[in-house]
Amino acid sequence: MSSRRSSELSGRVAAVGLLVLGLGASVALHAEAATDTPDAAPAVAAPPPPPRSYPARAVADYERALDLARRGEVTEAELEFGQLAAAYPQFAGPQINIGLLRRKAGNLEAAEQALRLATERNPNSATAWTELGVTLRMLGRFEPAAEAHQRAIAVDPNHAAAHRNLGVVLDLYLDRPVEALAAFERYRDLGATDRQLSAWIAELKQRVARLQPPSAATEEGS
């Protein structure tokens with residue numbers, strides 16, 4: 001691998017990590033809306049359901065736990081999220097944030113366990129599936145990581161982080177540039193503002209073009 005290519009790929013992974021951490025740290029209870037979305041992506045996306053009503057106490061406790069996490073009080077934050085998860089098992093948010101705290105601390109296996117529980121509690125949380133996919137990638141389990149991101153997209157076709165992270169796994173680890181290009185182009189179409197995104201897409205287009213068989217005209221003239 002050339003040094004330029006290696007540098008590009010390293011930057012892409014680092015940027016994804018920053019995006020996911022920023023997204024996960026602000027997971028909100030009101031973002032979890034139950035749907036009847038099947039495992040496979042529907043041909044036509046169903047309209048979003050109305051938001052649930054959340055107990056005021058749950059919202060207050062959740063905000064307090066988030067504030068602890070922002071201040072770096074990790075042990076206290078995980079304890080608060082754990083209490084919320086026990087009190088409100090129908091919500092994925094507390095489990096997602098437990099997973100993020102564990103992942104940031106380097107406890108990847110424990111993070112995976114927390115995030116898998118989040119997907120079980122709300123299989124229709126695109127954020128839970130996306131964060132699970134990121135964690136699986138960090139564990140070196142690339143096919144399951146791609147499948148987790150695809151589950152996130154099946155739940156919410158407009159979940160930008162899932163498209164971005166799927167593109168990363170397909171490009172850097174599974175050597176599937178055609179699918180990676182489609183994922184990054186969808187991410188772009190959703191309004192992505194990554195400064196290097198245009199360069200990534202251009203580089204993938206070049207790789208995909210090299211994979212195409214020569215045209216009949218070219219073959220005849222050779």
Side-chain angles (χ1 to χ4, degrees), residues 1-24 35 37-46 48 103 108 112 115 119 123-219 221-222:
M1 180 183 294
S2 69
S3 59
R4 184 183 66 81
R5 171 74 174 156
S6 177
S7 176
E8 289 175 353
L9 301 193
S10 297
R12 201 173 308 180
V13 172
V16 170
L18 291 172
L19 171 70
V20 171
L21 288 174
L23 174 70
T35 71
T37 306
D39 289 350
V44 178
R103 191 173 76 201
L108 297 181
E112 180 194 353
L115 291 165
T119 64
N124 298 299
S125 171
T127 298
W129 285 111
T130 300
E131 299 295 356
L132 176 60
V134 171
T135 303
L136 290 169
R137 173 180 62 76
M138 294 173 71
L139 284 165
R141 295 163 60 189
F142 305 126
E143 288 286 358
E147 291 170 4
H149 293 312
Q150 288 163 344
R151 289 290 296 269
I153 292 167
V155 168
D156 180 3
N158 296 323
H159 192 69
H163 290 283
R164 190 185 204 277
N165 283 287
L166 176 60
V168 168
V169 173
L170 293 172
D171 181 15
L172 307 193
Y173 303 102
L174 296 178
D175 193 25
R176 288 153 60 180
V178 174
E179 296 166 80
L181 175 60
F184 279 120
E185 288 181 328
R186 177 61 178 148
Y187 176 59
R188 176 201 59 197
D189 294 344
L190 289 170
T193 58
D194 299 57
R195 290 178 297 176
Q196 293 182 304
L197 182 58
S198 295
W200 299 345
I201 290 175
E203 190 269 344
L204 276 166
K205 284 183 175 179
Q206 292 175 355
R207 289 171 58 201
V208 170
R210 289 195 294 268
L211 295 175
Q212 302 302 318
S215 66
T218 301
E219 290 177 352
S222 60

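Hydrogens, waters and symmetry mates play no part in the numbers below; they use all other heavy atoms, side chains included. For this chain, numbers begin at 1 and follow the sequence in order. Only a predicted model underlies this, so the values are computations on that prediction, with no experimental measurement involved.
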Nearest heavy atoms of [X] and [Y], plus distance in Å:
X    : Y    : result
G167 : A180 : O-CB, 3.7 Å
F184 : R164 : CE2-O, 3.9 Å
L108 : T135 : O-CG2, 3.7 Å
P157 : L190 : O-CD1, 4.2 Å
A145 : G133 : CB-O, 3.3 Å
A126 : A152 : O-CB, 3.5 Å

Nearest-0.5 Å distance, [atom1] of residue [X] to [atom2] of residue [Y]:
X    : Y    : atom1 : atom2 : value
H149 : N165 : NE2   : CG    : 4.5 Å
D156 : N124 : CG    : CG    : 10.5 Å
Y187 : I201 : OH    : CD1   : 10.0 Å
D171 : L204 : CG    : CG    : 4.5 Å
N158 : R186 : CG    : CZ    : 5.0 Å
E143 : L170 : CD    : CG    : 8.5 Å

Checking D189 now: which residues fulfil side chain to side chain donor-acceptor pair (under 3.5 Å) with it, not counting sequence neighbours? none
Pick out which of R137, R103, R141 makes a salt bridge (charged side-chain N to carboxylate O under 4.0 Å, His left out) with E112.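 That would be R141; it is the only one of R137, R103, R141 passing the salt bridge (charged side-chain N to carboxylate O under 4.0 Å, His left out) with E112.
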Could you go through V169 and Q150, starting from their C-alpha distance and side-chain angles, then the distance that decides it, and tell me whether this counts as side chain to side chain contact (heavy atoms under 4.5 Å, CB included)? CA-CA 11 Å; V169 173; Q150 288 163 344; over 6 Å; no
State whether the side chain of H159 and the backbone N or O of A154 hold a donor-acceptor pair below 3.5 Å, judged by distance alone.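 No, the answer is negative, given that no donor and acceptor are paired below the 3.5 Å cut-off.
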Would you find a donor on one side and an acceptor on the other, under 3.5 Å apart, between the side chain of D194 and the backbone of Q196? no
Worked verdict on E203 versus L181 for side chain to side chain contact (heavy atoms under 4.5 Å, CB included): CA-CA 9 Å; E203 190 269 344; L181 175 60; over 6 Å; no
